[in-house]
Chemist: 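Next up is a structure, given as structure tokens.
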Amino acid sequence: MASPLDDRTRGIIRACVPALEAHGLAITTEMYRRLLANPAIRDLFNLSHQQNGEQPRALALAVLAYARNIDNPGAMAGAVERIAEKHVGLNILPEHYPYVADALLGAIAQVLGDAATPDIMDAWGRAYWFLADILIGREEQIYVAHAAAPGGWTGWRPFSVRRRTVESGTVTSFELVPTDGRPVMRHAAGQSLGFRLDVPGHGPARRNYSISSAPGADAYRISVRRIDGGVVSSWLHDSVREGTVLQVSAPAGDFTLGHPDTAPVVFLSAGVGLTPFMSMLGVVAAGKTPIRYIHATRSTETEAFGIPVRDLAAKGRLDADIFYTRQAPQGVPPTPNVTTHAGRITPEWLSGQVDPAATYYVCGPDGFMRDMVTALRAAGVPDGQIRYAFFGPADDTALMG
């Protein structure tokens, strides 16, 4: 267990808040520059998040939130759990943490210059390792649970692609089975898999993809959107075929379906944000839970899983609202319990649809989630009934809690 920080250290960290507000992004940008210069560490990161600046912005916000809450670390519990689960999915280990410490402290010293006094550097070293020890301890608990679970494992396990299915013009699914023929750990609906990939012409890469299949004992399915200019997503779409072997970590993630009961659930997604909801639907659609499915996509060409969603709607298991942001379908026969819309899901529209008894699951781009979560809160939905997920680093303060 991490030893609590002393009053003096916490006081110094609090005093650094204005400096972080002014220079936090410069510090995290320099920190990642140092980290990515080390090949042993660089392969742990999604470099696309570096190129567009998402990762440094997200970390700058996280560091600032940590400093602001240094007297109340419990306020960071949700963020700690999210980070720990993501680290486990990527097989981050205790030996990786000293590299981050060196890069962060070096960046603080460089950016703040003479203002980075020995007392400040000592305080940030203590603060870093206090949080790191919490994360390492929680990650160890998750690794132990994975190793003990039926069909569970730690580290990387080889899986073969049993089937690939084109779901839309932009999304392809890959069904994965372990090459050892043994059972797999039953995932919680909404969790993801981590992948260690070796992309020809690009080199090593690690990625997380949501599991889009219902929990089971023999296989997983992921559904990947092709991203313009995306090295990994393009390789998966263009080169990965049935029989291709991929290195996979055990299911992880804290964006999971609550215990199914008779209280309504609303799945609210945009784009490929629907993937964890396909897994969740596999659980709740078999019961009596009232389901509302609200999804935004560009057109019928980009709409993934439209057929199974409409099948469930036709059977009376859910009510669906599908928004087409670029091109709405013309002359398509209506499906019972499915309403189609032209345009985006607006906060104003959502506010008029709120069911105060429902739990809302929100997944999609950060901007979409910010708008939807803000609208739900403004409509009086308690935070405990709003759950949302991240595909990448969140760089929005509305989504950091």
Side-chain angles (χ1 to χ4, degrees), residues 21 24-25 28-29 32 45-66 68 76 78-87 89-90 170-171 190-192 194 206-210 212 223-230 232-233 252-256 266-277 280 294-298 302 304 323 325-326 343-351 360-379 381 383 385-401:
E21 292 172 337
L25 182 57
T28 56
T29 299
Y32 279 114
F45 293 92
N46 184 338
L47 296 183
S48 66
H49 293 155
Q50 304 298 321
Q51 295 163 1
N52 58 25
E54 289 181 12
Q55 191 86 55
R57 283 195 301 273
L59 182 60
L61 286 172
V63 172
L64 179 59
Y66 180 43
R68 287 172 172 167
M76 297 289 290
V80 166
E81 184 66 16
R82 185 165 61 243
I83 293 168
E85 290 279 357
K86 188 163 187 178
H87 280 181
L90 295 171
T170 56
V171 176
Q191 288 189 311
S192 62
R206 298 194 189 190
R207 293 292 188 274
N208 291 103
Y209 292 108
S210 294
S212 61
S223 302
V224 180
R225 178 174 68 92
R226 181 193 290 271
I227 299 172
D228 292 340
V232 173
S233 67
D254 69 332
F255 180 63
T256 56
V266 179
F267 298 126
L268 180 56
S269 61
V272 79
L274 56 73
T275 52
F277 298 153
M280 293 182 183
I294 305 171
H295 178 64
T297 186
R298 292 183 178 181
T302 62
F323 286 74
T325 62
R326 298 281 181 87
R344 300 180 180 276
I345 306 171
T346 65
E348 294 76 18
W349 180 87
L350 181 62
S351 297
Y360 287 79
Y361 295 85
V362 188
C363 193
D366 282 356
F368 168 81
M369 292 197 296
R370 177 199 61 221
D371 292 344
M372 298 300 100
V373 169
T374 300
L376 291 170
R377 288 172 174 162
V381 179
D383 278 351
Q385 292 170 219
I386 305 172
R387 304 177 184 180
Y388 47 91
F390 304 104
F391 285 122
D395 62 357
D396 194 301
T397 53
L399 297 176
M400 288 299 295

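Everything numeric in this text was worked out from a predicted model, so none of it was measured.
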Chemist: Can you name the nearest heavy-atom pair linking C363 to F368, along with the distance?
Modeler: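 Shortest heavy-atom separation between C363 and F368 comes out as O-CE2, 3.8 Å.
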Chemist: How long is the gap from CZ on R82 to CE on M76, to the nearest 0.5 Å?
Modeler: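 Rounded to the nearest 0.5 Å, the CZ-CE separation comes to 8.5 Å.
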Chemist: Looking only at non-hydrogen atoms, find the nearest pair between T325 and R344 and report the distance.
Modeler: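 For T325 versus R344, the nearest heavy atoms are CG2-CG, 3.8 Å.
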Chemist: To check you understand the geometry: which heavy-atom pair defines the closest contact between N208 and G194, and what is its length?
Modeler: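 Of all heavy-atom pairs spanning N208 and G194, the closest is ND2-CA, 3.8 Å.
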Chemist: Going through the distances and angles, do F323 and I294 end up as a side-chain contact (heavy atoms from CB on, under 4.5 Å)?
Modeler: CA-CA 8 Å; F323 286 74; I294 305 171; 4.1 Å; yes
Chemist: Can you give me the closest heavy-atom contact between S233 and V224, atom names plus distance?
Modeler: CB-CG1, 4.1 Å
Chemist: When rounded to the nearest 0.5 angstrom, what is the spacing between CE in M280 and CZ in F267?
Modeler: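 M280 CE to F267 CZ: 6.0 Å, rounded to 0.5 Å.
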Chemist: Hey, is CZ on R226 packed in by over 12 heavy atoms from elsewhere, all under 6.0 Å?
Modeler: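 More than 12 heavy atoms, drawn from other residues, nucleotides or ligands, come within 6.0 Å of this atom.
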Chemist: Quick one, L268 and L350 - any side-chain contact, counting heavy atoms below 4.5 Å?
Modeler: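 Touching, per the 4.5 Å side-chain cut-off.
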Chemist: Does the plane of the ring in F277 sit parallel, tilted or perpendicular to the ring in Y361? Use 30° and 60° as the thresholds.
Modeler: perpendicular
Chemist: In the structure I gave you, are the side-chain heavy atoms of Y388 and L376 within less than 4.5 Å of one another anywhere?
Modeler: no
Chemist: Could you give the distance from CG (D383) to CZ (R377), rounded to the nearest 0.5 Å?
Modeler: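 Rounded to the nearest 0.5 Å, the CG-CZ separation comes out at 4.5 Å.
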Chemist: Decide yes or no for E81 and E85: does some side-chain heavy atom of the first lie under 4.5 Å from some side-chain heavy atom of the second?
Modeler: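 Sidechains of E85 and E81: in contact.
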Chemist: Please give me the minimum heavy-atom distance between M372 and I345, naming the atom from each residue.
Modeler: CE-O, 3.4 Å
Chemist: Between the side chain of R206 and the main-chain N/O of L90, is any donor-acceptor distance below 3.5 Å?
Modeler: yes
Chemist: Would you name the heavy atoms of T256 and Q191 that are closest together and state the gap between them?
Modeler: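 Nearest pair, atom of T256 first, then Q191: CG2-CG, 3.6 Å.
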Chemist: Take R370 and D366, measure what side-chain contact (heavy atoms from CB on, under 4.5 Å) needs, and give me the verdict at the end.
Modeler: CA-CA 6 Å; R370 177 199 61 221; D366 282 356; over 6 Å; no
Chemist: Please test T170 against T302 for side chain to side chain donor-acceptor pair (under 3.5 Å), starting from the C-alpha separation and ending with a verdict.
Modeler: CA-CA 6 Å; T170 56; T302 62; 5.4 Å; no
Chemist: Backbone N or O of P56 within a donor-acceptor pair of the T28 side chain at under 3.5 Å?
Modeler: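 Checking the backbone N and O of P56 against the side chain of T28, a donor-acceptor pair under 3.5 Å is found.
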